[in-house]
Amino acid sequence: MKGHALDNSRGRTTKDGIRIFDDADFIGMRAAGQLAAQILDEVAPLVVPGVTTEVLDGFITDRVAQSGAVSATIGYRGYQHASCISVNHVVCHGIPSSKVIKDGDILNIDVTVIVDGWFGDTSRMYVAGGLGRKAERLLEVTHDALMKGIQAVKPGATFGDVGAAIQTFVEGNRMSVVRDFCGHGLGRVFHAPPNVLHFGRPGTGAVLEAGMFFTIEPMVNLGRPETKVLADEWTAVTRDKSLSAQFEHSIGVTADGCEIFTLSPGDKFYPTFA
Ligand code: MF3
Ligand code: CO
Ligand code: CO
């Protein structure tokens, strides 16, 4: 996109209900994505054995406020925190609490901020203390699965191509893709069409066009894919208690691929625990 005159001719919605954004809108998404990614960079040194997830969330709450941004999750469907923190067998939507992080725990921290009305949504995995061999493989496969999905993004490809790229890779590594949660369109709203499935068949689903904004956020389990939501109505866990991991980027489709809005400014997206 850089170096081109701004193309502001694209404001419309496809037959699948997917909004097509203008080049100027990429600037807004870049700012929101970069703030979310910067906050995830800054929280990394705090993830050590003995810290509680509410301390991590408190740091994130403060950083969002100091930046003059707004948390997208506080007040969203009754959710009350600036992050979701999902530890070990928690798949997603873990609620920050007085739970103490232990040596060897793996955790996903998911932050969504609103900057000038634009939503930046990203999550990545952290490790407290030593990393076990199986957990290390899970994190690597999950990160690489996200990047395989992103590599499939270009105009003319389908959302089924994206899902298939992720599913084929994950299952080829004898792990499973969670079916119960998906990525989503975003922009000036948090969750918009389409549902971005992390599994599927090539050539199926809506066709990608330049100017679409959405997340890809695969959740991968070491065991079976089934999940259940706990009585708090948020926390999703693996039914078989196996370890689960997730990485998430917000992206925009460009003429020849995509721009990742939530790239880590400090190149800490993966691994954060080196
Ligand atoms: N950030 C999550 C996503 O990737 C949504 C969290 S909603 C919350 O879509 F309310 F649980 F925070
Ligand atoms: Co998301
Ligand atoms: Co998210």
Side-chain angles (χ1 to χ4, degrees), residues 18-19 29 32-41 43 53-54 56-58 60-61 63-64 69-87 90-97 99 107-115 118-126 142-143 145-146 149-150 153 159 162-163 166 177-198 212-220 227-237 244-252 258 260-264 269-270 272:
I18 305 169
R19 195 161 165 84
M29 287 299 284
Q34 284 300 291
L35 177 62
Q38 173 72 35
I39 292 171
L40 289 187
D41 280 9
V43 78
T53 55
E54 67 196 2
L56 300 174
D57 181 71
I60 293 165
T61 305
R63 283 294 292 113
V64 174
V70 173
S71 166
T73 55
I74 297 174
Y76 177 77
R77 298 185 179 211
Y79 195 79
Q80 294 178 359
H81 307 273
S83 63
C84 297
I85 304 185
S86 303
V87 183
V90 179
V91 172
C92 63
H93 302 164
I95 301 174
S97 71
K99 180 185 170 67
L107 48 150
N108 174 278
I109 305 183
D110 190 338
V111 171
T112 310
V113 296
I114 312 172
V115 176
W118 296 100
F119 285 66
D121 184 6
T122 182
S123 80
R124 63 179 83 150
M125 295 302 294
Y126 300 79
T142 308
H143 171 266
L146 167 60
I150 289 174
V153 172
F159 281 96
V162 175
I166 294 167
V177 175
V178 169
R179 309 289 204 274
D180 302 335
F181 299 92
C182 58
H184 49 92
L186 83 174
R188 290 191 174 277
V189 295
F190 199 167
H191 294 110
N195 286 332
V196 180
L197 305 182
H198 304 114
M212 288 180 175
F213 295 165
F214 53 89
T215 72
I216 305 180
E217 48 183 298
M219 287 140 275
V220 174
T227 70
K228 67 174 179 191
V229 175
L230 301 185
D232 62 25
E233 295 185 342
W234 284 105
T235 311
V237 299
S244 187
Q246 179 179 29
F247 286 85
E248 174 177 26
H249 271 315
S250 296
I251 69 177
C258 70
I260 302 175
F261 298 126
T262 47
L263 281 178
S264 162
F269 189 69
Y270 176 82
T272 50

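Numbering of ligands and ligand atoms starts at 1, following listing order.
- An N or O contact shorter than 3.5 Å is missing between H93 and ligand 1 by distance.
- Polar contact with ligand 1: absent for W234 (N/O pair, distance under 3.5 Å).
- Checking side-chain atoms of Q34 against main-chain N and O of L263 turns up a donor-acceptor pair under 3.5 Å.
- When hydrogens are left out, the protein atom nearest atom 4 (O) of ligand 1 is E217 OE1, 2.8 Å; that is the closest non-hydrogen contact.
- Side-chain atoms of Q246 do not come within 3.5 Å of backbone N or O of V220 as any donor-acceptor pair.
- Within the 6.0 Å centre-distance limit, the rings of Y76 and H191 are counted as a close aromatic pair.
- In this structure, H191 is part of the shell of residues with a heavy atom less than 4.0 angstrom from ligand 1.
- Within the 4.5 Å cutoff, side-chain heavy atoms of L146 are placed close to those of F269.
- Atom CG of N195 sits in a sparse spot, with 12 or fewer heavy atoms from other residues, nucleotides or ligands closer than 6.0 Å.
- Shown in contact with H184 at under 4.0 Å from a heavy atom are these atoms of ligand 1, numbered in order with element: 3 (C), 4 (O), 9 (O).
- For the pair T262 (side chain) and A37 (backbone), a donor-acceptor distance under 3.5 Å is absent.
- Of the polar atoms of T73, none of the N or O atoms is found under 3.5 Å from an N or O of ligand 1, judged by distance alone.
- For atom 2 (C) of ligand 1, the nearest non-hydrogen atom of the protein is D110 OD2, 3.4 Å.
- Aromatic pair Y79/H81: centroids less than 6.0 angstrom apart.
- Taking only nitrogen or oxygen atoms, main chain and side chain alike, Y79 does not reach within less than 3.5 Å of ligand 1.
- Protein nitrogen, oxygen and sulfur atoms, that is N, O or S, within less than 2.8 Å of the Co ion (ligand 2) amount to 4.
- Listed by number with element, the atoms of ligand 1 under 4.0 Å from a non-hydrogen atom of Y76 are 7 (S), 10 (F).
- For atom 3 (C) of ligand 1, the nearest non-hydrogen atom of the protein is D121 OD2, 3.4 Å.
- Ranking the protein heavy atoms by distance from atom 5 (C) of ligand 1 puts F190 CZ, 3.7 Å first.
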